[in-house]
Amino acid sequence: MGSGCSKEKPTMVVDVNAHEFEDEDPITRYREELHSAESSPKVMPQYRGPEPAGHIDDVIMGLIKIFVVEAHPSYATPWQMLEQCECTGSGFAISERRILTNAHVVAYHTQLYIRRDGDPTKYEARVLCLGQACDVALLTVDNPAFWNGLPELDFGPLPRIADAVTVVGYPTGGDNISVTKGVVSRVDVHHYTLADGDRLLVVQIDAAINPGNSGGPVFNFEGQVVGIAFCKQNDDGVDNIGYLIPAEIVQLFLKRFDLVGQFQGVCGLGFQYQRLENQYFRQHLSLRDADTGVLVTRVEPLAPLASVLQPDDVLMAINKVPIANDGTVVFRGRERVSLEHVISSSPLESHIDLQIFRKGKEEHIKNTMISVVPKLVPLHHGLDAFPTYIVYGGLVFVPLSYPLIEDLSEGDIGIPLGITKVLEQFKARPNQQIVLLLRILAHSINFGFNSITPALLLQINDVKIDSMQDVKTVIDDVKDNKQHIRFIFENHKTIVLDCEACKQILENAEHGNFANNLKM
């Protein structure tokens with residue numbers, strides 16, 4: 001997956017089987033065949049559209065090159081940062097003296113400068129908002145000279161299959177602007193970065209998107225921005241598969257920022273479901289032949305929909321949009337996407353209507369709020385994940401998070417046993433965390449325990465551990481009135497330390513060195 005920096009993001013897992021196209025036909029024939037109910041779904045004539053260069057020349061002045069010096073946090077050694085590195089990305093100007101780019105381009109910046117196309121001067125920029133969940137960031141420049149004569153780019157509608165698009169940015173391999181052209185090959189719903197994240201609308205194109213292109217605009221023939229370039233398919237044998245964040249998602253981000261000054265995430269589904277494509281299964285549920293929907297199997301306790309949905313409900317429609325037995329809804333014309341799109345494309349704290357089938361009766365649930373669904377294992381650094389830690393007797397405890405899992409998978413510590421089971425769990429309490437014994441800093445008091453790490457912490461003495469705060473509270477309570485403290489782990493291993501010896505280590509340690517560094 002291409003990014004503006006040397007460290008690439010995880011590759012999006014996407015079905016890349018290509019449609020077969022007939023010979024090119026006029027645009028009118030293409031539109032008629034695409035949207036006609038009588039046309040064959042296997043016949044999709046390709047139309048590349050006229051050359052958009054004349055419009056692109058008028059708008060590329062709004063393009064921005066972004067220069068970043070960044071330092072990533074180390075979740076595997078949470079008391080330090082990784083070495084600084086330099087990277088570049090792309091962006092573009094919009095209304096109210098603001099600049100859009102990808103969140104992953106600027107998320108770890110220690111220094112941030114930008115440059116207008118054709119201007120040698122670099123201006124210091126600052127981040128107004130990071131939208132890690134949708135990989136969009138908003139920047140600005142305080143120097144008014146930067147904005148003189150800088151055009152603001154406008155958004156256009158979501159492109160259709162086979163629409164011509166132009167990707168503009170500053171990919172690696174040169175300092176000047178680069179333009180690549182292609183067509184839209186697919187519009188679907190996918191995870192942007194993490195397998196456990198919310199699935200959002202994404203547009204697949206056949207134009208090249210390379211490192212440095214991240215954050216740049218993708219134009220339609222009218223010179224309107226239809227999306228932000230953000231990644232490419234890196235699988236072996238796959239060429240010219242790129243993805244863009246559609247303008248619909250970008251505007252969702254902007255509207256939330258305009259309303260509350262930040263972006264907390266996207267509306268989550270909050271439940272798991274099973275398709276109802278088997279006729280005997282539907283008969284068992286007493287559904288009629290005309291009834292369609294999906295079976296709710298699990299509901300996340302902290303999800304807003306937990307107050308209205310139950311396991312074994314059949315969800316039939318959302319906002320009067322029928323749900324098919326395969327879990328899809330009509331998107332536009334003959335296109336279909338996952339039902340999750342109806343939820344994830346809605347503004348935070350908006351309200352929806354549900355139609356369900358429960359215990360043999362159809363019910364209508366109106367005006368139910370949807371919002372972000374808290375995750376037991378945090379997803380995004382700086383949003384819900386932070387490199388906090390506690391050191392006690394050389395034992396390093398950290399909260400489990402996806403940034404930590406990524407660091408462990410790339411390092412020499414390894415993924416702890418039982419991690420798969422934990423990732424399937426739902427968050428039951430607002431402050432609940434999974435606590436991990438990450439490593440053991442060698443000392444005579446913990447001799448013989450090094451082989452235990454990494455391990456999920458279950459309890460200290462007789463107290464069940466549900467958060468890092470629990471660890472701190474229990475340690476503070478026992479270290480002055482007990483001789484020993486006992487840690488019990490998910491891998492059936494136990495560590496016992498001498499409380500007085502641990503206290504001496506803390507008193508003798510240099511200030512800030514292996515002390516209690518819990519940052520709540």
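The analysis underlying the following values was restricted to heavy atoms, covering all of them including side chains, and did not include hydrogens, waters or symmetry mates.
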Please identify each residue that fulfils ring pair (Phe, Tyr, Trp, His ring centres under 6.0 Å) with H109, with sequence neighbours left out.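 Counting only residues at least two positions away or on another chain, H109 forms no ring pair (Phe, Tyr, Trp, His ring centres under 6.0 Å).
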Applying ring pair (Phe, Tyr, Trp, His ring centres under 6.0 Å), name anything that partners F253, two or more places apart in sequence or on another chain.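 So F253 forms a ring pair (Phe, Tyr, Trp, His ring centres under 6.0 Å) with F263.
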Going by the rule side chain to side chain contact (heavy atoms under 4.5 Å, CB included), which residues pair with [X] if we only count those two or more places apart in sequence or in a different chain?
X: Q111; result: V69, Y113
X: P304; result: S371, V373
X: S401; result: Y75, P378, A385, P403, L404

What do the steps show when you test H351 against T368 for side chain to side chain donor-acceptor pair (under 3.5 Å), and what is the final call? CA-CA 5 Å; H351 291 76; T368 298; over 6 Å; no
Does the pair I99 and I94 meet the rule for a side chain to side chain contact (heavy atoms under 4.5 Å, CB included), with working shown? CA-CA 6 Å; I99 297 163; I94 61 170; over 6 Å; no
Is there a side-chain contact between R115 and I64, using heavy atoms and a 4.5 Å cut-off?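 No. Closest side-chain heavy atoms not under 4.5 Å.
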For [X], what residues pass the salt bridge (charged side-chain N to carboxylate O under 4.0 Å, His left out) criterion, not counting sequence neighbours?
X: R298; answer: none
X: R116; answer: none
X: E340; answer: R199

Side chain to side chain donor-acceptor pair (under 3.5 Å): pairs with one or both residues in residues 316-327, sequence neighbours excluded: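 For residues 316-327, and leaving out neighbouring residues, the side chain to side chain donor-acceptor pair (under 3.5 Å) pairs sorted by first residue read D326-T328.
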Scan residues 162-186 for pairs that pass ring-ring contact (aromatic ring centres under 6.0 Å, His included), counting only residues two or more places apart or in two chains.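 Residue pairs passing ring-ring contact (aromatic ring centres under 6.0 Å, His included), neighbours aside: none found.
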Which pairs, with at least one residue in residues 253-268 and sequence neighbours excluded, count as a salt bridge (Lys or Arg N to Asp or Glu O under 4.0 Å)?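 Every pair satisfying salt bridge (Lys or Arg N to Asp or Glu O under 4.0 Å) with a residue in residues 253-268: R98-D258, R256-E349.
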Would you list the atom pairs, donor with acceptor, under 3.5 Å between side chains in residues 143-154 and any protein atom, with sequence neighbours excluded?
from, atom 1, to, atom 2, distance (Å)
N143, OD1, A145, N, 3.0
W147, NE1, V141, O, 2.9

